[in-house]
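To start, the structure under review is shown below, and the notes come after it.
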Amino acid sequence: HVQLVESGGGSVQAGGSLRLSCVFSGFSGYTRWRGNMAWFRQAPGNEREGVAAIDSEGTTTYADSVKGRFTIWQDNTKNTLTLQMNGLKPEDSGMYYCAHDPVRCSNGPYLLMPRYKNWGRGTQVTVS
């Protein structure tokens with residue numbers, strides 16, 4: 001039973017920073033994590049979009065709009081996925097979701113929403 005719980009959202013001024021966390025459980029034990037994990041976001045009236053993803057080997061990919069500002073990583077010892085967001089802009093506002101794709105073997109990370117099967121409830125980010 002996979003569980004994902006996000007936290008760390010809030011309201012900040014443009015140029016500020018936030019660190020989002022996703023605590024996960026129910027994953028199979030292995031020296032490398034199974035599947036890929038990602039952060040998506042959705043603003044009112046917009047479709048959900050991929051922000052950052054990471055595979056079990058630590059390889060990452062980012063949306064062009066956040067490259068150089070956001071960083072994703074995972075901590076195997078703490079069962080935590082983190083998204084560090086710096087230089088925030090108003091257009092970064094939205095509900096941020098942690099997601100998991102239980103792929104057994106991947107050749108890299110991706111931001112294809114249909115592939116992600118497990119989702120958290122989200123944490124709100126507001127930049128003014």
Side-chain angles (χ1 to χ4, degrees):
H1 184 122
V2 175
Q3 288 271 108
L4 307 173
V5 181
E6 305 97 331
S7 64
S11 181
V12 299
Q13 295 184 358
S17 298
L18 282 174
R19 178 175 291 186
L20 306 184
S21 295
C22 173
V23 178
F24 55 87
S25 61
F27 285 43
S28 298
Y30 201 71
T31 54
R32 296 176 178 176
W33 295 356
R34 291 179 60 243
N36 292 348
M37 301 195 73
W39 289 94
F40 287 77
R41 67 187 182 190
Q42 186 169 20
N46 291 11
E47 294 188 345
R48 194 168 298 182
E49 62 177 352
V51 176
I54 185 168
D55 68 11
S56 62
E57 305 229 346
T59 303
T60 60
T61 189
Y62 299 89
D64 288 342
S65 60
V66 307
K67 286 181 179 178
R69 299 188 297 121
F70 291 12
T71 305
I72 185 173
W73 73 88
Q74 57 196 7
D75 189 332
N76 188 39
T77 64
K78 298 179 180 179
N79 295 329
T80 302
L81 179 73
T82 301
L83 182 68
Q84 178 67 45
M85 306 186 295
N86 298 326
L88 284 164
K89 306 174 180 180
E91 52 263 43
D92 293 318
S93 298
M95 186 71 73
Y96 281 69
Y97 299 91
C98 177
H100 170 248
D101 172 18
V103 59
R104 185 178 64 83
C105 185
S106 175
N107 63 357
Y110 38 77
L111 294 169
L112 303 172
M113 190 171 66
R115 291 189 178 273
Y116 290 88
K117 308 302 181 183
N118 302 303
W119 296 81
R121 293 185 180 275
T123 185
Q124 182 67 43
V125 172
T126 303
V127 185
S128 60

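Residue numbers run from 1 in the order of the sequence given.
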**Q.** Nearest non-hydrogen partners of Ala38 and Ala53, listed with the distance
**A.** CB-CB, 3.8 Å
(Q) Just checking Glu91: does its CD atom have more than 12 heavy atoms from other residues, nucleotides or ligands closer to it than 6.0 angstrom? (A) yes
Q: Report yes or no: does Arg69 contribute a side-chain atom to a donor-acceptor pair with the main-chain N or O of Gly87 at less than 3.5 Å?
A: yes
(Q) Tell me the closest heavy-atom pair linking Ala52 and Leu83, and the distance in Å. (A) CB-CD1, 4.1 Å
Q: Using the salt bridge (charged side-chain N to carboxylate O under 4.0 Å, His left out) rule, take Lys89 and Asp92 through it: C-alpha gap first, then chi angles, then the decisive distance, then the call.
A: CA-CA 5 Å; Lys89 306 174 180 180; Asp92 293 318; over 6 Å; no
Q | Residue pair Tyr110 / Thr61: nearest heavy atoms and the distance that separates them | A | N-CG2, 4.1 Å
(Q) If I compare all heavy atoms of Phe70 with all of Val51, which pair ends up nearest, and what's the gap? (A) CD2-CG1, 3.6 Å
Q: Provide the closest heavy-atom pair for Leu18 versus Gln84 in the form atom of the first, atom of the second, distance.
A: O-NE2, 3.6 Å
**Q.** Residue pair Tyr116 / Asn36: nearest heavy atoms and the distance that separates them
**A.** CE2-O, 3.8 Å
Q: With sequence neighbours excluded, tell me which residues meet salt bridge (charged side-chain N to carboxylate O under 4.0 Å, His left out) with Arg115.
A: none
Q. Quick one: does Ser93's side chain have a donor or acceptor within less than 3.5 Å of a partner on Val127's backbone?
A. yes
Enumerate, atom names and distances included, each donor-acceptor pair closer than 3.5 Å involving a side-chain atom of residues 6-15, sequence neighbours excluded.
| residue | atom | partner | partner atom | Å |
| --- | --- | --- | --- | --- |
| Glu6 | OE1 | Arg121 | N | 3.1 |
| Glu6 | OE1 | Gly122 | N | 2.9 |
| Glu6 | OE2 | Cys98 | N | 2.8 |
| Glu6 | OE2 | Gly122 | N | 3.3 |

Q. How are the rings of Tyr97 and Trp119 set to each other: parallel, tilted or perpendicular (split at 30° and 60°)?
A. perpendicular
